[in-house]
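Everything below concerns the one structure shown next.
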There are 2 protein chains.
Amino acid sequence: MDTQRTGPRAAPRVRTNGPAREVPPSTVARLPGYLRALQGFEGVVTTSSDELADAAGVTPAQLRKDLSFLGSYGRRGVGYDVEHLSEQIGVVLGLKTQRRVVIVGIGNLGHALASYSVFAERGFAVVGLVDTDPAVVGTSVAGLVVQPSEGLADLVRTTDATIGIIATPAASAQAVCDALVGAGVVGILTFAPRALRVPENVDLRAVDVASELQILAFHDHRRAGTGDSA
Amino acid sequence: MDTQRTGPRAAPRVRTNGPAREVPPSTVARLPGYLRALQGFEGVVTTSSDELADAAGVTPAQLRKDLSFLGSYGRRGVGYDVEHLSEQIGVVLGLKTQRRVVIVGIGNLGHALASYSVFAERGFAVVGLVDTDPAVVGTSVAGLVVQPSEGLADLVRTTDATIGIIATPAASAQAVCDALVGAGVVGILTFAPRALRVPENVDLRAVDVASELQILAFHDHRRAGTGDSA
DNA sequence: TAGATTGTTAATCGATTAACAATC
DNA sequence: TAGATTGTTAATCGATTAACAATC
């Protein structure tokens with residue numbers, strides 16, 4: 001869980017002129033939200049940091065700061081060109097190349113994810129489904145035939161998938177994770193409620209819906225406990 | 001999106017002796033992970049910050065710092081009592097009271113969430129399902145009959161639900177959110193890919209799976225772009 | 001030119017890490 | 001007592017906010 005990546009101190013990396021520079025993780029995490037917000041302005045030519053920030057649910061200051069890491073894509077006194085800014089954020093996020101995704105664990109959640117149309121709208125292609133259950137293997141879900149676990153490595157290679165989604169029970173998640181890493185994916189999104197270990201050259205993001213509810217419970221509880229009802 | 005809550009500077013709030021104090025948001029967000037990790041030590045009497053941190057995927061220093069906000073639940077030279085620590089984290093998160101949850105939007109995702117057994121294991125009860133589609137209303141999912149939208153407010157009141165989950169398309173999410181707030185829920189977890197607005201007395205958490213993939217794409221892209229393949 | 005709005009700098013704030021004194 | 005391990009303090013680091021000079 002070391003997010004270090006520097007030796008003596010990351011060399012400033014020969015400024016690649018264009019939209020390179022070092023983009024902080026917190027900024028990267030907000031970029032998809034800006035892209036989403038920009039879609040709400042389709043047809044409009046320009047928008048301002050005030051307007052766009054409002055749509056994205058952040059402050060104008062934060063939006064401008066975030067965008068400044070990507071380069072100078074606005075015009076002072078005018079605002080941002082909606083089309084151009086969308087394009088540039090897409091470039092920075094690497095969405096000009098379509099990424100291929102395999103989903104492991106075709107239970108209720110895996111099934112839902114396999115059928116989730118937003119993935120395609122946002123530039124991702126689900127190219128493979130895998131499960132261990134013999135009752136599920138061979139069935140067709142969202143136009144794909146579910147493969148057995150043994151086929152995972154081959155599947156990743158032949159489809160050239162770079163991202164794996166884990167939608168298995170917690171118990172098998174680490175094994176699946178290892179298999180995905182072994183097969184060569186570089187990014188993993190897991191929904192399994194447990195901590196996973198990946199080598200540092202693989203990127204891991206975890207969504208735990210039960211944990212989300214527990215965080216909500218904390219605030220619910222504090223609110224009730226503080227007794228601030230009139 | 002103002003997370004302010006202070007006037008001149010939050011009054012130190014008469015130290016409620018027990019596990020009160022002010023727990024920082026970043027710590028709260030990690031508590032469910034500690035609870036999860038502790039479950040892996042069931043049967044064991046004590047564990048150390050080293051061991052537990054390892055299981056939870058954080059550093060020992062961070063674990064101890066986090067736990068120190070809750071109170072002093074470890075013994076120097078010995079470690080933490082697994083049973084007691086689990087209990088205390090549960091108390092802080094407010095899990096001693098079971099929270100009731102309603103899910104709005106019974107498409108693929110809503111269906112999966114309604115059937116997600118981990119919710120029950122972690123102290124939440126799904127008590128109601130709502131959808132607009134006449135073809136879905138009236139059907140039975142995970143032992144519950146799907147109610148029409150008009151029934152939302154009544155459902156929340158009669159079940160005494162405090163948390164709402166939004167699993168609708170983006171287009172209807174804000175309206176559903178407003179309805180949930182109007183019905184009196186105090187926490188909302190949304191999966192709809194758009195920014196939502198809630199009054200400041202309502203807690204909102206958002207999971208956007210497509211955004212997660214886009215964040216993974218960024219790193220994928222950087223890795224490929226940097227050309228560090230031997 | 002006058003008004004608008006960005007991009008950037010500086011100040012603040014919060015979160016993480018490291019180290020160690022307290023204490024079991 | 002000696003060894004282990006916490007709880008806390010201080011140092012570092014990163015992220016957010018506010019303000020404004022640059023500039024369209």
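All chains are named by letter (A, B, ...) in the order of the sequence lines, taking the proteins before the strands, and each is independently numbered beginning at 1.
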As a quick check of understanding, evaluate side-chain contact (heavy atoms from CB on, under 4.5 Å) for B:Asp220 and A:Thr97, giving each step before the final call. CA-CA 10 Å; B:Asp220 187 347; A:Thr97 310; over 6 Å; no
Identify the pairs formed between an N or O of the protein and an N or O of nucleotides 1-3 of chain D at a distance under 3.5 Å, and give each distance.
none

Whole angstrom value for the distance that separates P of C:dA15 from CZ of B:Phe69: 8 Å
For the side chain of A:Ala61, starting at C-beta, report the closest nucleotide among C:dT6, C:dC24, D:dA18. D:dA18
Distance test, side-chain N/O of B:Ser49 to OP1/OP2 of D:dT5, below 4.0 Å: no
Specify the separation, in whole Å, of atom CG of B:Leu67 and atom P of C:dT17. 15 Å
If only atom types and distance count, is the side chain of B:Arg205 paired as donor or acceptor with the main-chain N or O of B:Asp203 below 3.5 Å? no
Residues A:Ala210 and B:Val118: closest non-hydrogen pair is CB-CG1, 3.8 Å
Please determine if a side-chain N or O atom of A:Arg30 lies less than 4.0 Å away from the OP1 or OP2 oxygen of D:dT16. yes
With side chains defined as the heavy atoms from C-beta onward, is the minimum distance between B:Val186 and A:Arg223 less than 4.5 Å? yes
Indicate yes or no: at least one non-hydrogen side-chain atom of A:Val101 is less than 4.5 angstrom from one of A:Phe119. no
In whole angstroms, the gap separating C1' of C:dG14 from CD of B:Gln62 amounts to 13 Å
So, does A:Ser26 get its side chain near the phosphate of D:dT16, meaning an N or O under 4.0 Å from OP1 or OP2? yes
Nucleotide D:dC24, atom C1' - distance to CZ of A:Arg75 in whole Å: 6 Å
Once you apply a heavy-atom cut-off of 4.0 Å, does B:Pro60 come out as touching a base, just sugar-phosphate, or nothing? nothing
Does OP1 or OP2 of D:dG7 have a side-chain N or O of B:Tyr80 closer than 4.0 Å? yes
Quick one: side chain to side chain donor-acceptor pair (under 3.5 Å) partners of B:Asp178, sequence neighbours excluded? B:Gln174
Rounded to whole Å, the OH-P distance (B:Tyr73 to D:dT8) equals 12 Å
Which nucleotide sits closest to the side chain of A:Pro25: D:dA15, C:dT16, C:dG7? D:dA15
Report the residue (A:Asp66 or A:Val78) whose heavy-atom-nearest nucleotide on DNA chain D is the more 5′ of the two. A:Asp66
Among the nucleotides D:dC20, C:dT17, D:dC24, whichever has the atom closest to the side chain of A:Arg64 is D:dC20
Report the C-alpha distance between A:Leu109 and B:Tyr116 in whole Å, list the side-chain angles of each, state the deciding distance to 0.1 Å, and finish with yes or no for side-chain contact (heavy atoms from CB on, under 4.5 Å). CA-CA 8 Å; A:Leu109 181 60; B:Tyr116 193 48; 5.6 Å; no
Check the distance between C:dG7's P and A:Leu52's CG and give it to me in whole angstrom. 12 Å
Output the single nucleotide from D:dT9, C:dA15, C:dT8 whose closest atom is nearest the side chain of B:Lys65. D:dT9
In whole Å, I'd like the distance from the CG atom of A:Leu85 to the C1' atom of C:dT6. 12 Å
For A:Glu51, does the CD atom sit with more than 12 other heavy atoms under 6.0 Å from it, leaving out its own atoms? yes
Angle between the end axes of the helix from C:dG3-D:dC24 to C:dC24-D:dG3, five pairs per end, to the nearest 10 degrees? 10°
How many whole angstroms separate atom CG of A:Leu63 from atom P of D:dT16? 13 Å
Stepwise side-chain contact (heavy atoms from CB on, under 4.5 Å) test for B:Phe124 and B:Leu95: CA-CA 9 Å; B:Phe124 297 88; B:Leu95 303 178; 4.2 Å; yes
A:Arg99 side chain vs A:Gly94 backbone, donor-acceptor pair below 3.5 Å: yes
